[in-house]
*Asks:* 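Below you'll find the structure I mean.
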Amino acid sequence: MNWKNFAFALSTGVAALALSPIGGHAQTRGGDVIVAITQAPPTLDAQITAIQSARHITLHIYETLYARDENAKPVPDLAEGVAISPDGKTYTFTLRKGVKFHNGKEMTSADVVASLERYRKLGASASLLNAVDTIQAKGPYEVVVKLKAVQSTLLDNLSSPRAPLAIYPAEEAAKGANQINYIGTGPFKFVEYKPDSHVKLERYKDYVPNPHYTKRDGFAGKKEVFIDTVTFRFMPEAGARVAALQSGEVQLVETVDGPTKKRLETNPAYKIYPALPFSFQIMKFNHALAPTDDVNFRRAVTAALDMEEIMAISYPDIYQLDGGWVYPKSAFWVDAGLKSYNKPDLKAARELLAKSKYKGEKLIFLVDNLRPNIDTATVVQQRLAQIGVKVELQTTDWPTAVKIGWSPAGWNLFAHGFGVEPFEGPGTVMAAWVNGVSQQKDDPEIDRLLTALNSEMDVNKRKALFAEFQTRMYDEAVAVKIGNYGLFQVATAKLKNFEPFRIPRMWGVTLDK
Amino acid sequence: MLSYLLRRTAAAIPVLILVSLMSFAVIWLVPGDPAAAFLDSSATPEQVARLRHELGLDQPLPIQMMEWYGRVLTGDLGQSILLRRSVGAALLERLPVTLSLAGVALALAVTLGIIAGVLAAIRRGTLADQSIMTLALLGLSVPDFWLGLVLIVVFAVGLGWLPSGGFVPITQSVSGWMSTMALPALTLALVQMGFIARMTRSAMLDVLHQDFMRTADAKGLTHRYVIMRHGLPNAMMPILTVIGIIAGSLLGGAVVVEQVFSLPGVGRLIIGAIMSRDFPVIQGGLLFLAVIYLVINLVVDLLYAAVDPRVRL
């Protein structure tokens with residue numbers, strides 16, 4: 001044994017250990033993450049669609065002036081901040097300097113103005129900007145928005161996570177719906193889109209995280225990317241998604257069912273992330289068609305339903321019983337009207353039914369072919385049979401269900417999820433019931449409450465208005481809030497620092513080798 | 001031969017017109033439109049109307065029909081509402097996947113199916129015959145999505161030998177292409193093999209007892225030569241018909257297997273278009289399927305003539 005060589009090797013080794021960056025936070029950098037999502041996006045033009053699968057991808061590529069934090073509060077993202085005039089009708093946004101689009105161009109006020117004007121013309125939720133009169137650039141880093149009337153929800157609207165008011169380069173904003181190149185300011189840059197297969201994004205190396213934040217926070221905060229690429233693969237078949245995870249072809253699955261979660265949770269190679277609450281389960285009444293046009297009938301139906309039974313069957317292991325019309329952690333959550341929530345009483349229901357105009361006719365329960373919605377309809381049908389109400393289920397695919405549900409004929413009851421609206425906020429929840437959009441008959445009281453909410457700048461008064469709305473929803477049995485449900489997301493244990501949110505966020509995560 | 005081909009092409013045109021008229025009728029009758037693919041359940045009537053206008057869907061159907069026929073006559077199948085590319089381009093993009101899958105599955109099914117069917121026929125009544133026919137029956141009874149998932153669980157998840165889905169073009173990597181085609185083609189082949197084996201056995205049995213077979217045997221030719229050179233060609237007519245039908249269904253309809261194995265093929269394109277009401281793609285897709293069947297029928301008829309000299313075109 002050559003002791004001299006041994007000693008030399010040993011000392012070199014010790015020196016290497018001493019100098020290497022272990023013990024601190026040596027973040028694993030790099031890696032390619034593949035996410036299995038259930039549906040292909042209809043488009044990657046973020047402004048023109050309100051569909052979830054589009055947002056999974058577009059909210060990695062694009063950003064907005066203001067964005068929602070982890071608790072859905074609007075905070076500055078591309079803007080530095082805003083100065084609001086005393087009359088509440090002029091908003092002067094100061095933009096961050098040095099923000100680069102993926103084509104290297106710096107974002108200026110011209111791009112913001114063009115993008116917001118495009119949204120007014122083509123945006124899926126263009127009505128969010130109905131109160132806007134003019135949008136003008138004042139110098140390269142200032143945008144002045146003048147309103148026709150006070151709109152307390154302007155910052156909420158600008159940061160809407162539903163059909164985002166994404167900021168495009170002015171040249172792209174000049175193009176028509178679905179005609180753009182996908183160039184944004186976000187932490188990921190578009191690489192390729194293969195229809196029916198996948199979308200691939202890569203880390204944008206010139207991305208500058210917002211310096212005012214120190215950590216990830218909802219859609220805002222500090223967005224740092226530690227992986228090289230993320231690929232969203234469209235895999236509608238549930239079994240195939242899980243198989244891909246287990247064979248290592250994907251690292252994260254958007255949603256798995258209860259039995260799969262139970263099977264995988266004991267395996268240390270995977271980590272389960274329950275995202276609860278993710279959505280409401282609701283049942284709408286058609287107020288334009290008998291017998292659901294009668295408030296006593298609606299109250300009878302509501303009194304008969306056991307919400308726990310419905311949720312436990314439709315969304316086993318991943319539901320919450322809550323009657324509020326926003327999520328529990330929202331600053332607007334109130335208990336007004338909730339004494340009527342989930343009080344199943346068949347006797348009281350029969351009494352209310354006797355007071356109503358119901359003559360034994362059959363109701364049509366419209367539902368799409370998503371299994372939990374069918375389960376909800378089935379449980380309701382069985383329950384209502386116990387008080388003598390006849391219900392016929394009509395199961396269709398989603399485009400047909402929506403087409404019928406958007407009209408005043410052909411349905412009495414319609415059950416489905418209601419996910420991004422409660423996250424977006426009270427204004428959006430209320431808007432679904434304004435002008436009779438969901439219930440097919442105008443309710444002047446709800447219309448009045450939303451108009452008042454929109455022009456009320458005082459937060460406490462807005463909360464009171466929302467409480468009035470919620471009370472009305474229960475008193476008039478406008479629609480039924482059944483409960484909240486969630487998603488089980490599953491990832492490889494090698495994916496670190498992942499936190500489920502409205503989309504599977506790929507900033508802030510690392511992938512071990 | 002040329003005049004035959006011209007006659008067949010001319011005869012195809014009324015079929016294509018009928019198919020396109022039927023697809024318009026279906027689109028008119030089935031409720032729902034592409035707006036539902038872009039907007040969620042809280043969309044207001046104004047939002048829906050605005051999107052329909054942007055997508056050009058608020059024109060009356062007869063005008064949409066006339067515009068479509070006008071375009072088709074110039075070879076333009078129109079623009080997909082959702083995919084942001086022409087229908088023709090969308091179909092062409094997916095053709096390599098569908099052709100690969102159908103080609104490999106058909107080759108496997110035909111080769112193994114005919115061999116199995118011939119074996120069963122010449123060993124009629126024996127254990128070999130019964131086993132082959134039982135396996136064939138199993139193959140064509142088993143649902144293809146179940147079979148596909150079982151193969152994934154065994155070979156992709158369990159053994160890790162093959163990927164669980166996706167498609168690698170042959171131009172990118174031959175071994176990648178082979179490994180992504182293996183399980184889906186096997187799924188399809190195992191099912192279709194059953195049909196071909198049963199039809200082959202039945203057709204062979206009809207032929208084996210014919211006088212000319214006895215004559216050929218009596219001439220002193222080996223039994224194997226008699227089966228392959230005299231028996232099988234005479235049995236080919238019904239077998240070719242079945243193969244033609246299977247080829248058609250593989251080229252247009254391997255939707256379930258495409259879904260299970262996440263393959264971006266033509267079947268998935270058309271089903272996706274139906275589910276999101278992407279009308280130009282539905283119409284273009286149906287026309288494409290009709291052309292596929294017409295071409296396959298023509299090829300089968302030409303093969304009849306090639307195989308059986310008694311057939312005159």
Side-chain angles (χ1 to χ4, degrees), chain A residues 36 40 42-45 48-52 54 122 124-127 162-163 176-179 194-198 233-237 239-244 246-249 284 396-406 414 416-421 428-429 431-432 434-435 437-438, chain B residues 30-48 50-51 54-55 80-85 90 93-94 97 145-146 148-150 152-153 155-167 256 258-265 268-269 272 274-278:
Chain A
T43 174
L44 294 181
D45 185 344
I48 69 169
T49 175
I51 295 293
Q52 171 81 36
L122 303 175
S125 308
S127 50
R162 183 162 156 248
N178 217 7
Q179 305 295 321
K194 281 213 86 186
D196 287 341
S197 178
H198 65 270
R233 274 184 65 185
F234 323 133
M235 305 180 76
E237 174 60 45
R241 287 197 296 272
V242 176
Q246 291 190 270
S247 62
E249 286 157 60
K284 289 173 172 162
T396 68
D397 65 1
W398 181 247
T400 308
V402 162
K403 181 87 185 223
I404 300 176
W406 278 337
F414 183 13
H416 59 79
F418 196 63
V420 74
E421 295 88 339
T428 309
V429 171
V434 158
N435 292 330
V437 162
S438 295
Chain B
V30 167
D33 64 40
F38 286 88
L39 300 175
D40 55 18
S41 56
S42 306
T44 62
E46 296 78 42
Q47 289 169 349
V48 177
R50 176 205 295 251
L51 184 67
E54 271 160 29
L55 299 175
S80 161
I81 294 171
L82 264 78
L83 296 173
R84 216 178 72 144
R85 59 200 351 95
E93 264 172 5
R94 285 162 180 71
V97 179
F145 67 86
W146 179 84
L149 286 172
V150 165
I152 289 177
V153 166
F155 291 101
V157 178
L159 295 166
W161 288 351
L162 292 164
S164 68
F167 178 72
V256 172
E258 286 178 14
Q259 191 93 320
V260 168
F261 290 93
S262 312
L263 294 168
R268 224 172 129 191
L269 172 71
I274 292 170
M275 297 208 292
S276 52
R277 308 292 194 269
D278 193 346

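Everything numeric here is computed off the predicted structure, so don't read it as measured data. Throughout, protein chains are lettered first and strands after them, A, B, ... in sequence-line order, and every chain is numbered starting at 1.
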*Asks:* Quick check on A/R241 against chain B: is it the side chain, the backbone, both or neither that has a heavy atom closer than 4.5 Å?
*Replies:*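 It is neither, since no heavy atom gets under 4.5 Å.
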
*Asks:* Please classify the contact of B/V153 with chain A as side chain, backbone, both or neither, using a heavy-atom distance under 4.5 Å.
*Replies:*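 Answer is neither: B/V153 stays 4.5 Å or more from chain A.
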
*Asks:* In terms of heavy-atom proximity below 4.5 Å to chain B, should A/A177 be classed as side chain, backbone, both, or neither?
*Replies:*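 For A/A177, the side chain is the part near chain B, not the backbone.
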
*Asks:* Step by step, would you call A/D196 with B/E93 a side-chain contact (heavy atoms from CB on, under 4.5 Å)?
*Replies:* CA-CA 11 Å; A/D196 287 341; B/E93 264 172 5; over 6 Å; no

*Asks:* Return the minimal non-hydrogen interatomic distance between B/T44 and A/V437, and the atom names on each side.
*Replies:*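 Distance-wise, the nearest heavy atoms are CG2-CG2, 3.8 Å.
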
*Asks:* Could you tell me which portion of A/I404 (side chain, backbone, both or neither) has an atom closer than 4.5 angstrom to a non-hydrogen atom of chain B?
*Replies:*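 Neither part.
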
*Asks:* Among A/V420, A/L122, A/I48, who wins on heavy-atom pairs under 4.5 Å with chain B?
*Replies:*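 Of A/V420, A/L122, A/I48, A/L122 has the most heavy-atom pairs under 4.5 Å with chain B.
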
*Asks:* Output the distance between atom CZ (B/F38) and atom CG (A/D45), rounded to the nearest 0.5 Å.
*Replies:*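 Result: 9.0 Å between the selected atoms.
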
*Asks:* Taking all non-hydrogen atoms of both residues, which atom of A/P42 and which atom of B/A37 are closest, and how far apart?
*Replies:*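 Smallest interatomic distance, heavy atoms only, reads CG-O, 3.3 Å.
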
*Asks:* Need one label for A/N178: side chain, backbone, both or neither, based on atoms under 4.5 Å from any heavy atom in chain B.
*Replies:*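 When you check distances to chain B, atoms from both the backbone and side chain of A/N178 fall under 4.5 Å.
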
*Asks:* Output the distance between atom CG (B/L39) and atom CD1 (A/I51), rounded to the nearest 0.5 Å.
*Replies:*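 Between atom CG of B/L39 and atom CD1 of A/I51 there are 7.0 Å.
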
*Asks:* Under 4.5 Å heavy-atom distance to chain B, tell me which part of A/F414 shows up: side chain, backbone, both or neither.
*Replies:*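 The answer is neither part of A/F414.
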
*Asks:* Pick whichever of A/V402, A/V242, A/T400 has the most heavy-atom pairs under 4.5 Å with chain B.
*Replies:*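 The residue among A/V402, A/V242, A/T400 with the greatest pair count is A/T400.
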
*Asks:* Do B/I152 and A/Q246 touch side chain to side chain, with heavy atoms closer than 4.5 Å?
*Replies:*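 Answer no - side chains too far apart.
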
*Asks:* Using non-hydrogen atoms and a 4.5 Å limit, figure out which bit of B/I81 sits close to chain A: side chain, backbone, both or neither.
*Replies:*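 The backbone, not the side chain.
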
*Asks:* Name the option with the most non-hydrogen atom pairs under 4.5 Å to chain A; the candidates are B/R85, B/Q259, B/R94.
*Replies:*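 Ranked by heavy-atom pairs under 4.5 Å with chain A, first place is B/R94.
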
*Asks:* Are A/K403 and B/V48 close enough that some pair of their side-chain heavy atoms sits under 4.5 Å apart?
*Replies:*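 They are not in contact (no side-chain heavy atoms under 4.5 Å apart), so the answer is no.
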
*Asks:* With chain B as the partner, which of A/A244, A/P399, A/A243, A/A431 has the greatest number of non-hydrogen pairs under 4.5 Å?
*Replies:*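 The answer is A/P399.
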
*Asks:* Chain B heavy atoms under 4.5 Å from A/S125: which part of the residue, side chain, backbone, both or neither?
*Replies:*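 Both backbone and side chain of A/S125 come within 4.5 Å of chain B.
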
*Asks:* Against chain B, label A/K284 side chain, backbone, both or neither, depending on which of its atoms sit under 4.5 Å from a heavy atom there.
*Replies:*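 For A/K284, side-chain heavy atoms alone lie under 4.5 Å from chain B.
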
*Asks:* Output all residues satisfying side-chain hydrogen bond (donor to acceptor under 3.5 Å, both in side chains) with A/S197, sequence neighbours left out; order by chain, then residue number.
*Replies:*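 Here no residue qualifies.
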
*Asks:* Between the main-chain N or O of B/V157 and the side-chain N or O of A/S247, is there a donor-acceptor pair closer than 3.5 Å?
*Replies:*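 Not at all, since once roles are kept as given, no pair shorter than 3.5 Å links the two residues.
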
*Asks:* Shorter than 4.5 Å, heavy atoms on both sides: which option in A/E249, A/H416, A/M235, A/R233 has the most such pairs with chain B?
*Replies:*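 Most pairs with chain B among the choices: A/E249.
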
